[in-house]
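So the structure is just underneath, and the comments pick up after that.
What you see is a predicted model; the values in this text were computed from it and never measured. Both ligands and their constituent atoms are indexed starting at 1 by order of listing.
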Amino acid sequence: MTITSDALDAFIVEGEPGFPQAGRRRMISPAPVGRIGTGLIDPEDALLGRMSADAVFMMGDNPELPRMPDRPRLLDFFACRFGDLTFRHLLTSAKKALDDGQEEKIVMACMLHDISNGCLIRADHGYWGAQMIAPYVSEEVAWAVEKHQALRYFADESVGYAYPESYHRFFGPDYVPPEYIQKEHREAKAHRWYMSGRLITLYDLYFFDKWDPIDPEMFTDIIGRNFKQPEEGLGFDGSPTAHMWRTMIWPNNFL
Ligand SMILES: [Fe+2]
Ligand SMILES: [Fe+2]
């Protein structure tokens, strides 16, 4: 399928003074993971055909996105990168845990549990999110975030957690989680930190319509005690997952 000139324009940003590659048009080739399998056309070939001295592939800050500080902290990603749904989903979940008197580690885990959906990747989001935050939180918080991926699909009546009604609509009433998720559930249930992962599912929100605005700054102290913000900023501290944070800072980089 060939892409029309108009459609191709959606992938081209005019160079702006004060931004990298100034004076040239900057072309964005979207990451395959969010595009393949959909009707979205891969513009890469057509963009390569447009490449010239005045049109290059984007590297660095995109003027279409809020500019992030040089040393980004956790809440900068909430404010500048996360989609509205994830923003309010994470804060509402953390607030529910806080209002219920849960320990800070649980509030922190709730605040981070879907961080991967914010602006990185959806598939297997619990695993991606856990890996991304692992250098900065306790092992237990990262574990809980990872395991919520599987635990969501399984009821636990001892804590009043039922299979989410919305999942029948999301996935169809006959959806059966794959074997690797079932195995993860069995193993997590036998783990000493099981309840931390389970509590994420309990304070999770399965519908997205109820929302009282929450100021993320209300969590500043809890973040300070439970999330090690690197001096150099997330993305620039050389941690094993710094690249994940950089990808969220510059999601449109060509390479
Ligand atoms: Fe989730
Ligand atoms: Fe969630």
Side-chain angles (χ1 to χ4, degrees), residues 33-34 74-75 77-78 81-100 102-134 136-138 140-156 159-172 175-178 180-189 191 193-214 216 218-219 222-223 226-227 241 244 248:
V33 73
L74 179 63
L75 287 184
F77 289 87
F78 276 73
R81 287 295 181 270
F82 293 174
D84 185 51
L85 270 184
T86 305
F87 178 89
R88 62 199 214 198
H89 180 80
L90 293 177
L91 294 180
T92 305
S93 172
K95 176 89 168 25
K96 275 174 70 184
L98 185 66
D99 291 348
D100 218 21
Q102 290 294 339
E103 291 176 77
E104 289 191 353
K105 67 181 179 187
I106 302 301
V107 177
M108 196 70 230
C110 289
M111 197 188 316
L112 296 170
H113 77 280
D114 285 341
I115 189 168
S116 174
N117 295 352
C119 83
L120 192 62
I121 199 163
R122 297 192 63 87
D124 264 334
H125 70 290
Y127 300 91
W128 284 93
Q131 204 166 23
M132 191 194 323
I133 62 174
Y136 312 107
V137 297
S138 70
E140 183 175 351
V141 167
W143 185 94
V145 167
E146 178 177 309
K147 301 308 173 191
H148 99 277
Q149 168 90 35
L151 295 178
R152 308 169 290 147
Y153 295 104
F154 301 92
D156 181 346
V159 292
Y161 179 80
Y163 183 81
E165 177 55 35
S166 59
Y167 279 18
H168 290 306
R169 291 204 261 145
F170 285 172
F171 311 122
Y175 178 72
V176 179
Y180 83 94
I181 288 288
Q182 302 196 32
K183 180 167 178 285
E184 284 277 76
H185 166 244
R186 287 192 299 274
E187 290 172 1
K189 209 162 180 192
H191 196 279
W193 290 334
Y194 167 66
M195 199 43 69
S196 298
R198 174 50 73 199
L199 285 171
I200 292 180
T201 68
L202 201 62
Y203 295 112
D204 209 342
L205 289 92
Y206 297 92
F207 286 98
F208 301 94
D209 47 4
K210 289 187 224 113
W211 155 248
D212 292 321
I214 295 170
M218 72 170 287
F219 296 108
I222 291 179
I223 294 170
N226 295 274
F227 189 100
T241 66
M244 294 188 182
M248 296 196 291

- Check whether the side chains of R198 and T201 place a donor and an acceptor atom closer than 3.5 Å, and report yes or no.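 Checked: R198/T201 side chains pair up, N/O donor to acceptor below 3.5 Å.
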Using a distance-only test with no angle check, is there a side-chain donor-acceptor pair under 3.5 angstrom linking D114 and H89?
yes
Review point. Between Y136 and F227, is a ring-ring contact (aromatic ring centres under 6.0 Å, His included) present by the stated rule, with each step listed?
Key: CA-CA 5 Å; Y136 312 107; F227 189 100; 5.5 Å; yes
Near the Fe ion (ligand 1) (protein N/O/S, cut-off 2.8 Å, waters excluded) we have D114 OD1, H125 NE2, H148 NE2
*asked:* The test is salt bridge (Lys or Arg N to Asp or Glu O under 4.0 Å); show your working for K96 and D100 and say whether it passes.
replied: CA-CA 6 Å; K96 275 174 70 184; D100 218 21; over 6 Å; no
Handout entry: Y175 ring center near Y167 ring center (under 6.0 Å)
Key =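 That pair fails the under 6.0 Å test.
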Exercise. After noting the C-alpha distance and the side-chain angles of M111 and N226, does the key distance pass the side-chain contact (heavy atoms from CB on, under 4.5 Å) rule?
Worked result: CA-CA 11 Å; M111 197 188 316; N226 295 274; over 6 Å; no
